[in-house]
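Naming: A, B, ... by sequence-line order, numbering from 1 per chain. These values consider heavy atoms only, across backbone and side chains, with no hydrogens, waters or symmetry-generated copies. The model shown is predicted, which means the values in this text are computed figures rather than measured ones.
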Protein chains: 2
Amino acid sequence: MTEAPDMVDNDALELLTRRLVSNAALNSAERAAVSALMREVECFEAGACIVQHGAPCRRAWVLLEGFAYGQIGSRHSRRQIVGFYLAGDLLDLHGALTGLSSEAVIAATDCKIATLDAEALVSLIEAKPNLGRAFWIETLVEASIAREWIMNVGQRNARQRLAHLCCEMAWRSREAGLGDGRTFSMPITHEQLGDATGLTSLHVNHTLRKLEAQDLIVQDGHAIRIIDEARLRAEGDFEELYLCRSAPRSM
Amino acid sequence: MTEAPDMVDNDALELLTRRLVSNAALNSAERAAVSALMREVECFEAGACIVQHGAPCRRAWVLLEGFAYGQIGSRHSRRQIVGFYLAGDLLDLHGALTGLSSEAVIAATDCKIATLDAEALVSLIEAKPNLGRAFWIETLVEASIAREWIMNVGQRNARQRLAHLCCEMAWRSREAGLGDGRTFSMPITHEQLGDATGLTSLHVNHTLRKLEAQDLIVQDGHAIRIIDEARLRAEGDFEELYLCRSAPRSM
DNA sequence: CGCGGTATTGACGTTCTTCAACACTAGTGG
DNA sequence: CCACTAGTGTTGAAGAACGTCAATACCGCG
């Protein structure tokens with residue numbers, strides 16, 4: 001998966017459109033306008049850096065396939081992983097809008113990604129403000145997730161953090177149409193999971209095996225299956241409110 | 001400060017306009033349009049709940065005077081404070097756009113706040129998409145700050161957390177035109193500071209006095225003065241990149 | 001086959017929390 | 001004017017959760 005197919009296909013277009021529609025109601029003209037945004041498709045190998053932290057930036061991305069994560073951190077400190085990205089998620093809108101990326105984005109698996117040119121994005125929302133609202137809501141939800149992650153590392157113990165994260169990823173995977181709702185893929189090492197939860201890889205390991213021993217989850221490679229959802233949600237104090245992107249009153 | 005002056009004055013208008021201009025270049029028509037947004041001014045007493053978490057919502061707010069903080073948390077868990085708000089900051093754009101507030105906002109001191117009607121906000125950005133961009137960037141910066149807070153509670157020890165927070169609040173206070181850049185106001189208890197940093201009030205106390213004993217800061221009531229900025233920044237591993245809201249290439 | 005990265009397990013330290021007291025301040029009501 | 005109270009700040013000691021260190025097992029890959 002190293003060759004770069006540089007054509008945007010219908011699947012990619014539909015993936016982005018579906019996401020925007022789930023943020024705000026769009027008429028057919030607005031839907032059609034989305035196709036002008038995506039320029040080309042690029043592939044990144046697992047471990048590759050898609051976006052550099054603090055680098056000047058002129059575009060955003062749509063993750064089409066694969067699993068990526070955002071991280072921040074200077075030389076002096078250990079890195080912190082600040083978000084996970086699934087197929088359908090938008091990457092680095094901050095960079096596209098402000099001209100500087102505020103987080104690094106790393107491909108955890110091989111990733112297929114469509115680019116959104118910043119100029120095109122700005123002139124699109126100039127022409128179709130309602131689309132701008134859909135993108136904006138994407139950012140609002142991202143901020144909401146970040147706040148919940150602060151809660152996770154700030155107030156919960158290792159067990160609760162991992163339980164909560166499992167619930168979140170299961171939920172988001174289901175929303176993205178990946179897995180069956182009970183099973184989801186988290187293709188990262190314990191080391192990275194530790195950097196996301198503020199724990200060491202050793203403690204992640206220990207805690208995950210404990211959750212498994214108590215029949216809350218089962219690990220199968222890098223896939224996780226939730227056995228007892230009710231109990232897991234209770235353990236992690238999970239409430240999906242913060243993940244909801246719909247605008248009840250519509251436009 | 002319990003009476004509600006329900007008139008929007010020029011100061012309030014200018015505060016909001018200045019903030020939006022620092023996000024995106026605005027022409028005079030766009031600046032003028034901002035005045036249609038603010039409806040009325042409300043006052044909240046210290047401790048009052050301005051926004052309820054999970055409540056249906058039809059408006060956003062501009063903090064005109066005072067100090068507020070955002071928090072999340074269910075009955076079963078201790079609350080986590082996920083952000084501080086100073087004069088000029090926008091509150092609950094998430095609620096205005098999605099119809100549900102994703103965090104509670106509490107007044108730490110008496111606060112004067114202008115309301116932005118959600119309908120008016122949506123139709124304004126429909127008419128002036130460039131203004132929408134300015135609001136959007138506000139959200140992007142908020143998300144960026146939230147990510148840095150994840151870093152704070154996830155990777156740094158008590159000393160670093162408080163040093164970093166002091167640097168952030170000093171920076172933001174200066175940007176907001178409050179204090180002299182070295183001194184800033186943080187009118188909250190150690191308890192609340194602990195809820196923001198993922199520590200206990202006792203540990204906050206201890207750590208703060210240590211920072212003071214080593215001549216990094218001085219506390220004067222609820223004001224903090226930074227004595228040795230270079231050393232404090234080094235301690236907290238502070239880089240202001242994540243706070244920058246300017247779009248270098250403008251529109 | 002051998003190598004490097006990852007997972008796993010146990011012993012030992014450190015940071016932070018919890019518990020228990022007490023001091024200081026402001027506000028309240030007598 | 002003076003208790004009285006409640007909230008906050010301060011200090012010390014004991015305990016728990018999590019990190020660090022060390023060693024071994026596993027597994028895909030060249």
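- With contacts defined as side-chain heavy-atom distances shorter than 4.5 Å, the pair B/Arg147/A/Glu142 qualifies.
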Just the atom pairs and distances: protein N or O near nucleotides 24-29 of chain C's N or O, under 3.5 Å.
none

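- Here the nucleotide nearest the side chain of B/Thr189, chosen from D/dT8, C/dT17, C/dC16, is D/dT8.
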Kindly determine whether B/Ser144 and A/His94 satisfy side chain to side chain contact (heavy atoms under 4.5 Å, CB included), including the steps that lead there. CA-CA 8 Å; B/Ser144 176; A/His94 184 110; 3.9 Å; yes

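- For CG of B/Asp180, the number of neighbouring non-hydrogen atoms (other residues, nucleotides, ligands) closer than 6.0 Å is greater than 12.
- Across all strands, A/Leu202 comes closer than 4.0 Å to base atoms (heavy-atom distances).
- Closest to the side chain of A/Asn205, from the set D/dC18, D/dT10, C/dT8, is C/dT8.
- Look at CG on A/Leu199: it is 11 Å from P on D/dT20, rounded to the nearest Å.
- Between A/His164 and A/Tyr242, the ring planes lie parallel to each other; the angle is under 30°, not in the 30° to 60° tilted range.
- A side-chain contact (heavy atoms from CB on, under 4.5 Å) with B/Trp61 holds for exactly one of B/Asp92, B/Leu90, B/Val105; it is B/Asp92.
- Note on A/Gly198: only backbone sugar-phosphate atoms sit closer than 4.0 angstrom, heavy atoms only; bases stay farther off.
- With D/dG19, D/dT20, C/dA7 as the candidates, the nucleotide lying closest to the side chain of A/His203 is D/dG19.
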